[in-house]
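Every chain is numbered from 1 and lettered A, B, ... according to where its sequence line falls, protein lines coming before strand lines.
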Amino acid sequence: MSNALLAGLNPEQLAAVTLPKQSALILAGAGSGKTRVLTTRIAWLLQTGQVSPQGILAVTFTNKSAKEMLTRLSAMLPINTRGMWIGTFHGLCNRLLRAHHREAALPEAFQILDSADQLALIKRVLKALNIDDEKYPPKQLQHFINGNKENGLRANQVQAYDDFNRKLIELYAAYEQQCQREGAVDFAELLLRCYELLSRNEMLREHYQARFQHILVDEFQDTNKLQYDWLRLLAGHNNAVFAVGDDDQSIYAFRGARVGNMYDFERDYQVKNLIRLEQNYRSQGNILDAANALIGNNQGRLGKNLWTAEGAGEPLKVYEAFADLDEAQFIVDEVKQLQREGIHLNDIAVLYRSNAQSRVIEHALFSAGLPYKVYGGLRFFERQEIKHALAYLRLMANSDDDGALLRVINFPTRGIGARTIESIQSNARLSHCSLWQATCSGGGRSGAALANFVSLIERLRSETAEMTLPDTMEHMLDHSGLRAYYQAEKEGEDRLENLNELTNAAVNYLAEAEDRSLTGFLAHASLEAGDHQAEAGQAALQLMTVHAAKGLEFHTVFVSGLEEGLFPHENSAMDPSGLEEERRLMYVAITRARRKLYLTLSQSRMLHGQTRYNIASRFFNELPQGLLQWINKATPAAPKAPPAPAWSKPKASETGLRIGQSVLHPKFGAGVIIDCEGRGADARVQVNFGPEGVKWLMLEYAKLTPA
DNA sequence: AATTGTTCGATTTTT
DNA sequence: TCGAACAATT
């Protein structure tokens with residue numbers, strides 16, 4: 001094979017890249033070179049002249065991977081990537097809807113609501129309808145609406161099975177109406193509106209079907225029903241869908257992702273051969289063996305077995321601490337040692353199941369003076385001051401945007417109080433118009449203040465009409481009073497800094513984007529909320545949830561909090577599919593490590609202000625014991641004896657057992673004592689048996705043995 | 001209009 | 001436990 005593109009591919013990768021035009025399912029294990037296959041496939045199709053750039057549609061879930069694909073592609077081929085449609089589902093739908101906003105019944109400058117904007121709009125709708133938000137929590141309604149949209153269902157298509165449900169449907173409809181009135185589109189709506197546009201408009205559908213000969217999809221296991229149907233629609237009868245994914249890494253079911261789409265795909269697209277990429281270029285053997293063994297406990301997988309040409313490497317190190325503080329201290333000590341061995345801090349990650357676990361670890365790291373970085377905070381475009389600035393721009397672009405108006409009508413304060421705003425809202429409701437229109441015609445006591453606000457916005461709009469985006473930004477910041485506000489603010493330094501950064505963002509946007517309009521920038525701000533906090537700066541230990549770690553890799557990984565109830569999480573461990581997803585999550589965690597993997601747990605842990613005693617995660621039983629090296633066998637008795645007040649419960653210590661003690665029961669297996677009562681013949685203990693539940697046992701009868 | 005108090009809730013979150 | 005979110009103060 002003389003083709004330079006194909007050099008260095010393994011046989012399976014090569015087969016995938018050079019498949020003839022047909023739909024294919026590529027089962028790509030962790031670290032198997034999936035992105036490389038995807039990009040090389042595109043490059044190969046183009047280079048061999050099988051398709052022109054216009055014929056390519058490549059879909060990803062994140063902007064990050066879309067960008068990476070483009071970067072790699074332009075490194076492989078000297079082509080301009082303009083003609084190709086490479087982007088996220090949402091980005092591509094946005095592009096389509098912008099191009100055909102008329103047919104989609106949307107205003108030209110329709111705004112995109114992010115999750116927070118959506119929630120705020122839902123709250124407004126509830127308030128307007130006088131709905132008790134105790135009975136109908138906005139969050140729940142949001143979940144309901146998004147869930148239905150992701151299943152392709154409009155309010156009038158949802159089955160009502162009880163009164164509560166009927167009300168939710170009614171509210172869904174009211175929300176939709178309000179969105180339409182404001183020219184606002186939420187994330188799920190982008191997809192659904194686009195889907196409906198294509199399915200109803202035969203001309204458009206046929207146009208795009210004829211165009212996109214090759215459709216490539218990344219992270220296919222994360223697609224929801226609507227995305228699956230959207231792809232089907234674009235694929236039509238003639239186009240080839242190249243779906244790449246890993247059913248074992250599906251960890252977003254709670255957001256509507258359906259692993260089952262991978263199995264359906266085989267059937268619906270008559271996939272002839274499923275290609276497995278099982279050679280792993282990331283981790284050493286023991287890590288992969290552990291991952292393979294663990295995931296083998298799941299049912300109904302497509303099935304695959306990761307292997308490596310490298311050696312087995314080190315065993316997995318397991319550390320069982322007495323308390324969460326000790327667990328954190330162990331991590332600190334170990335990280336310091338690793339640092340001495342020359343491992344870069346950036347290349348070490350501490351993973352946990354839930355964010356709450358980070359605090360203890362952060363505290364220990366801070367005390368030890370180890371720099372660390374926690375992923376998952378607010379992102380750039382989600383910050384308060386940025387939202388305010390964007391709201392001015394949104395109002396300039398589309399005055400029907402009630403959400404934007406409410407955000408800035410009295411910020412910075414300009415004497416328009418809550419009463420005035422309420423009266424505007426009720427006027428708008430009565431005359432079925434936007435808040436902006438109601439504000440324009442609003443007289444009364446605050447009439448002058450309102451007129452000032454209206455003319456401020458109108459001035460901003462007309463004065464910036466001919467300006468470039470960055471100039472518009474500066475003009476708005478200076479004349480809206482936003483900049484002055486944060487200059488006067490005591491703690492406004494960072495926020496001012498961010499506002500300046502916003503102008504930079506506009507400059508950068510112009511350099512890259514195709515749609516250079518203000519509306520284009522606003523869409524960009526909603527769709528790409530920015531990096532999670534990219535202060536690259538100095539080397540720092542990486543702290544994040546297992547979810548956030550998907551797609552990343554590190555030399556050394558600590559997976560912490562491996563206890564029943566935490567990981568697998570108690571809310572998921574009940575039903576089998578929930579447990580399988582937890583197991584996949586664990587699989588993702590394990591496969592992040594290249595060389596060293598630590599698994600840590602603690603016998604006791606402070607959670608929601610209470611000390612909890614958990615038993616070891618069942619996942620330990622699913623790993624080959626030969627791969628595990630237990631660094632210690634925790635000797636709990638370290639009497640942290642809390643000074644017992646006179647009224648305290650009888651001490652189980654009379655019986656040789658204490659709270660926190662691990663025990664074995666002939667029927668229920670391993671457990672931890674979490675409470676005790678009575679003494680002598682009446683002595684009872686409460687034991688947490690993890691998956692077997694929590695039970696009260698009479699000491700006299702239960703044959704408990706210390707574990 | 002900004003400060004202080006009170007309540008409630010608490011997996012995971014690519015867009 | 002602790003923080004966000006809302007209400008009730010001054």
Mind checking [X] for me? I need base, sugar-phosphate or nothing, with any heavy atom below 4.0 Å counting as a touch.
X       : answer
S526(A) : nothing
K139(A) : nothing
D114(A) : nothing
F89(A)  : nothing

Determine: side-chain N/O of N355(A) to OP1/OP2 of dT11(B), distance under 4.0 Å, yes or no. no
Does dT11(B) have OP1 or OP2 sitting under 4.0 Å from an N or O in the side chain of T545(A)? no
Please indicate yes or no: is the ring centre of F254(A) less than 5.5 Å from the centre of the six-membered base ring of dT12(B), with the two planes inclined by under 30 degrees? yes
Would you call H569(A) stacked on dT11(B), i.e. ring centres under 5.5 Å apart with the planes less than 30° off parallel? yes
Given the options D401(A), D402(A), D114(A), R394(A) meets salt bridge (charged side-chain N to carboxylate O under 4.0 Å, His left out) only with D401(A)
Ring-plane angle category for Y509(A) and F521(A), please: parallel below 30°, perpendicular beyond 60°, tilted otherwise. perpendicular
Parallel, tilted or perpendicular: which fits the ring planes of Y208(A) and W85(A), with parallel below 30° and perpendicular above 60°? tilted
Compare the minimum distances between each of [options] and the side chain of [X], then state the nucleotide with the smallest one.
X       : options                   : answer
H608(A) : dT15(B), dC6(C), dA10(B)  : dA10(B)
H547(A) : dT11(B), dT15(B), dT13(B) : dT13(B)
T62(A)  : dT11(B), dT1(C), dT14(B)  : dT14(B)
R359(A) : dT12(B), dT14(B), dC2(C)  : dC2(C)

Those residues that, when tested against F242(A), pass ring pair (Phe, Tyr, Trp, His ring centres under 6.0 Å) (two or more places apart): none
In whole angstroms, how far is the [atom2] atom of [N] from the [atom1] atom of [X]?
X       : N       : atom1 : atom2 : value
L119(A) : dT13(B) : CG    : P     : 17 Å
E581(A) : dT11(B) : CD    : C1'   : 11 Å
M544(A) : dT13(B) : CE    : C1'   : 15 Å
L585(A) : dT12(B) : CG    : P     : 11 Å
E570(A) : dA10(B) : CD    : P     : 12 Å
N146(A) : dT14(B) : CG    : P     : 14 Å
F381(A) : dT15(B) : CZ    : P     : 13 Å
Y252(A) : dT13(B) : OH    : P     : 7 Å

So, with a heavy-atom separation below 4.0 Å from DNA chain B, the residues of residues 124-136 of chain A are none
Sub-4.5 Å side-chain heavy-atom contact between I409(A) and L450(A): yes
Using heavy-atom distances to pick each residue's nearest nucleotide on DNA chain B, tell me which of S115(A) and R353(A) is more 5'. R353(A)
Nearest-nucleotide comparison on DNA chain B, the residue closer to the 5′ end among A188(A) and G417(A): G417(A)
Test side chain to side chain donor-acceptor pair (under 3.5 Å) on Y375(A) and Q542(A); report intermediate values, then the result. CA-CA 8 Å; Y375(A) 280 78; Q542(A) 314 280 304; 2.8 Å; yes
Looking only at side chains, do E564(A) and N688(A) share a donor and an acceptor under 3.5 Å apart? no
Using the P atom in both, what is the distance from dT13(B) to dA4(C), to the nearest Å? 16 Å
Separation of the C1' atoms in dG3(C) and dT14(B), to the nearest angstrom: 26 Å
Side chain of Q357(A), backbone of S354(A): donor and acceptor closer than 3.5 Å? yes
